[in-house]
Amino acid sequence: MKLYNTMSRKVEDFKPIEDHKVGMYCCGPTVYNFAHIGNLRTYVFEDILRRTLEKNGYKVKHVMNITDVGHLTGDGDDGEDKLEKRSRETGRSVWDIAAFYTEAFMKDTASLNIKRPGVICKATDHINEMIGIVKMLEDGGHTYISGGNVYFSIDTIDDYGKLAKLNLDELKSGARISVDDNKRNPKDFVLWFTNGKFKDQVMVWPSPWGVGYPGWHLECSAMSMKYLGRHFDIHCGGIDAIPVHHTNEIAQSEAATGEKPWVNYWCHGEFLINDKGKMSKSSGEFLTLSVLVEHGYDPLDYRYFCLTGHYRSQLKFSYEALDHARSARQGLNEKVASLKKDVQPDPVLSEKAASYRDAFYDAMSNDLHAPQALAALWSMLKDQDVSDGNKLALLLDMDSILGLGLDAVEAEKAESVPEEVLSLVKERAEAKKNKDFAKSDEIRDRLAAMGWSVKDTPKGPVVAKIV
RNA sequence: GGAGUCGUACCCAAGUGGCCUAAGGGGACGGUCUGCAAAACCGUUUUUUCAUCGGUUCGAAUCCGAUCGACUCCUCCA
């Protein structure tokens, strides 16, 4: 299996630390609002990665955090905690807000067929672990206290910014954020706040440095190491996390434990954009999954849409493009339904069928080339040299990665058709037999008005509910 | 100001030196079938074309340069 590693900027052969096992940490949501569909694209990508690893025989320990404290708004380190802000705006407690949006996030990801990570951990449950890391950093001489806050000093390590390939000299000259006088180096970041801008902060904890709350980057270091160890295989997130969040995670993790590298493979998903650019949660207007559902789309239409582009390319969202994905997925579902009606899956593949299977898995195992894998799937479906039994078996197998819910698609059946409809269909067949087409067409219109379509096949008429 | 990515046929989107006379999906149109439809299947839209202009090469959508355009990051962000 091959994976693109942001650290090396190359596609590399994936080699786990332990045979047949993978430890994978994915940055989760900050639960102060609904996830928009751009956020969700990243979780779909991570799910596809996990499923592909599993298909390649790895047992994946998938850890995802829930950020419910410490994620600040605005520039620099002087913003307000996002949860606190939301709480003030709505009059609800921060804990309510976090619980509500965590629940919403779980619902969204479940409806997208995203497998639930084995460990889902909340930042507020791991304050002690975070304090432990700050202590380790303090012991190692990587911190200083200024203006009441504990800072990480990036000048105490010699490879700060290696993931993002930051050129520190140039960054300083081009910095646009206002300089925080408390920092020795503008790129230093807060590990522990005791002197937040907002005195009425609700979520605070005691610490050796005073009552306060942790910096945002700390939680991912603390929780990933708690569940996956001081050195693990894969760390995922959106590309925006590279220059700041992941850069700081690496700095504090490697400085705290002395273990390098902390993570072997860094995998990042590109943005979903629209005609105006990227969707941003903080800029106000954004599309959520429930908005798509209100427009009549199935969440899996969006999942299919995500699969039509490669995860490292920007994907342009439009309702037109989503329509295309929906049509394609419906076609796939219909095909599966009709196959299920006629045949049982036949896992004994012909040579031809096996070649499509190989093309599919080669594409997925080569840095998750889902669009190519889908092409292999469709070519297989259209190939008349592949038996229907093989087709069905292959589709269901491929879907263990694609996650389009093909196993849940039911075989076409006419059972639940109301008696009234059935008798009309019979009547129409009779009229057709007598070549009374005016009457048969009239009955067809009546059926359509009742919400049923009728198709004449060589085997006789077939009724189906109009969707 | 600095760093980087991208521009592929009607739309989305693969492909990153020869097997490309460019996957796959969607749409549209045409055909087969049908009393007519729908569905299904087949074909066309896709023979020198991959933003534009130059260059390298026996050979380029794929490499290099310039130009135009779009986007991202350096600041919270998936």
Side-chain angles (χ1 to χ4, degrees), chain A residues 9 26-30 32 35-46 71-77 79-80 82 161 164-167 169-178 187 216 236-245 247 268-283 286 304-305 307-318 320-332 334-335 338 359 363 369-379 381-382 384 432 435-438 440-441 444-445 448 453-458 461-462 464 466:
Chain A
R9 306 287 156 101
C26 299
C27 287
T30 301
Y32 70 104
H36 62 64
I37 58 176
N39 300 121
L40 293 169
R41 182 187 181 198
T42 299
Y43 298 103
V44 170
F45 141 62
E46 289 160 353
H71 201 160
L72 306 184
T73 64
D75 295 347
D77 288 312
E80 186 176 5
K82 291 190 171 188
K165 310 240 181 288
L166 299 181
N167 181 329
D169 296 333
E170 285 179 16
L171 277 176
K172 278 180 212 168
S173 60
R176 292 196 312 197
I177 48 168
S178 55
K187 296 300 283 182
W216 171 44
C236 301
I239 41 147
D240 56 311
I242 297 170
V244 179
H245 183 51
T247 287
H268 294 96
E270 250 290 358
F271 278 136
L272 180 76
I273 60 170
N274 57 29
D275 50 356
K276 293 190 194 86
K278 73 165 180 171
M279 291 182 193
S280 168
K281 210 192 265 191
S282 46
S283 74
F286 56 87
Y304 190 98
F305 169 74
L307 293 169
T308 63
H310 188 249
Y311 77 94
R312 282 193 288 114
S313 298
Q314 289 182 347
L315 186 59
K316 219 179 296 167
F317 177 83
S318 66
E320 195 190 359
L322 187 60
D323 284 341
H324 297 170
R326 172 165 62 180
S327 297
R329 193 180 75 85
Q330 281 175 351
L332 192 58
E334 278 163 24
K335 190 76 195 174
S338 93
H369 276 59
Q372 289 179 329
L374 278 180
L377 180 153
W378 283 104
S379 302
L381 266 185
K382 287 195 157 182
Q384 304 193 341
K432 271 185 55 140
K435 302 220 183 290
D436 185 355
F437 299 123
S440 71
D441 287 350
R444 187 165 63 197
D445 290 343
S453 71
V454 55
K455 302 168 191 171
D456 296 319
T457 72
V462 172
I466 297 170

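Keep in mind that this is a model prediction, so the values were computed, not measured. Convention: sequence-line order gives letters A, B, ...; per-chain numbering from 1.
- Nucleotides A3(B) and U57(B) have their P atoms positioned 30 Å apart, rounded to a whole Å.
- With both ends at atom C1', the span from U62(B) to U72(B) equals 23 Å, rounded to whole Å.
- To the nearest whole angstrom, the two C1' atoms, one in G59(B) and one in U48(B), are 14 Å apart.
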Nucleic acid footprint by protein, nucleotides 5-23 of chain B - heavy-atom cut-off 4.0 Å, B for base, S for sugar-phosphate alone: ------B-SSS-------B
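- Contact annotation for V244(A): backbone-only contact, meaning every heavy-atom pair under 4.0 Å involves sugar-phosphate atoms and none involves a base.
- Within the nucleic acid shown, L272(A) comes within 4.0 Å of at least one base atom, counting heavy atoms only.
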Criterion side-chain contact (heavy atoms from CB on, under 4.5 Å) on R41(A) and E270(A), from CA distance to verdict: CA-CA 9 Å; R41(A) 182 187 181 198; E270(A) 250 290 358; 4.1 Å; yes
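- Across every non-hydrogen atom of A363(A) and Q372(A), the tightest pair is CB-CB, 3.8 Å.
- A sub-4.0 Å separation between OP1 or OP2 of G43(B) and a side-chain N or O of K382(A) is absent.
- Taking atom P on both A23(B) and A61(B), the two are 14 Å apart, rounded to the nearest angstrom.
- For the P atoms, the distance linking C58(B) with U49(B) amounts to 23 Å, nearest Å.
- Using a 4.0 Å heavy-atom distance criterion, D441(A) is classed as a base contact.
- Atom C1' of C64(B) sits at a distance of 28 Å from the matching atom of U47(B), rounded to the whole Å.
- Contact between G309(A) and L315(A) at its shortest, heavy atoms only, is CA-CD1, 4.1 Å.
- Applying the 5.5 angstrom centroid cut-off and the 30 degree plane-angle cut-off, the aromatic ring of F437(A) is stacked upon the base of G35(B).
- On the P atoms, U21(B) is 25 Å away from C42(B), given to the nearest whole Å.
- Nucleic acid contact class of R444(A) (heavy atoms, under 4.0 Å, all strands): base.
- The aromatic rings of F305(A) and F317(A) sit perpendicular, their planes meeting at an angle over 60°, well past the 30° parallel limit.
- A gap of 50 Å separates the P atoms of A51(B) and G35(B), to the nearest Å.
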Strand RNA chain B as a dot-bracket string - pairs counted if Watson-Crick or G-U with both distances under 3.5 Å, | where the partner lies in another strand: ((((((((.[[[..)..(.....]]]((((((.......)))))).....[[[[[..)....]]]]])))))))....
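- K316(A) and A321(A) make their closest contact through O-CB, 4.4 Å (heavy atoms, listed as atom of the first residue, atom of the second, distance).
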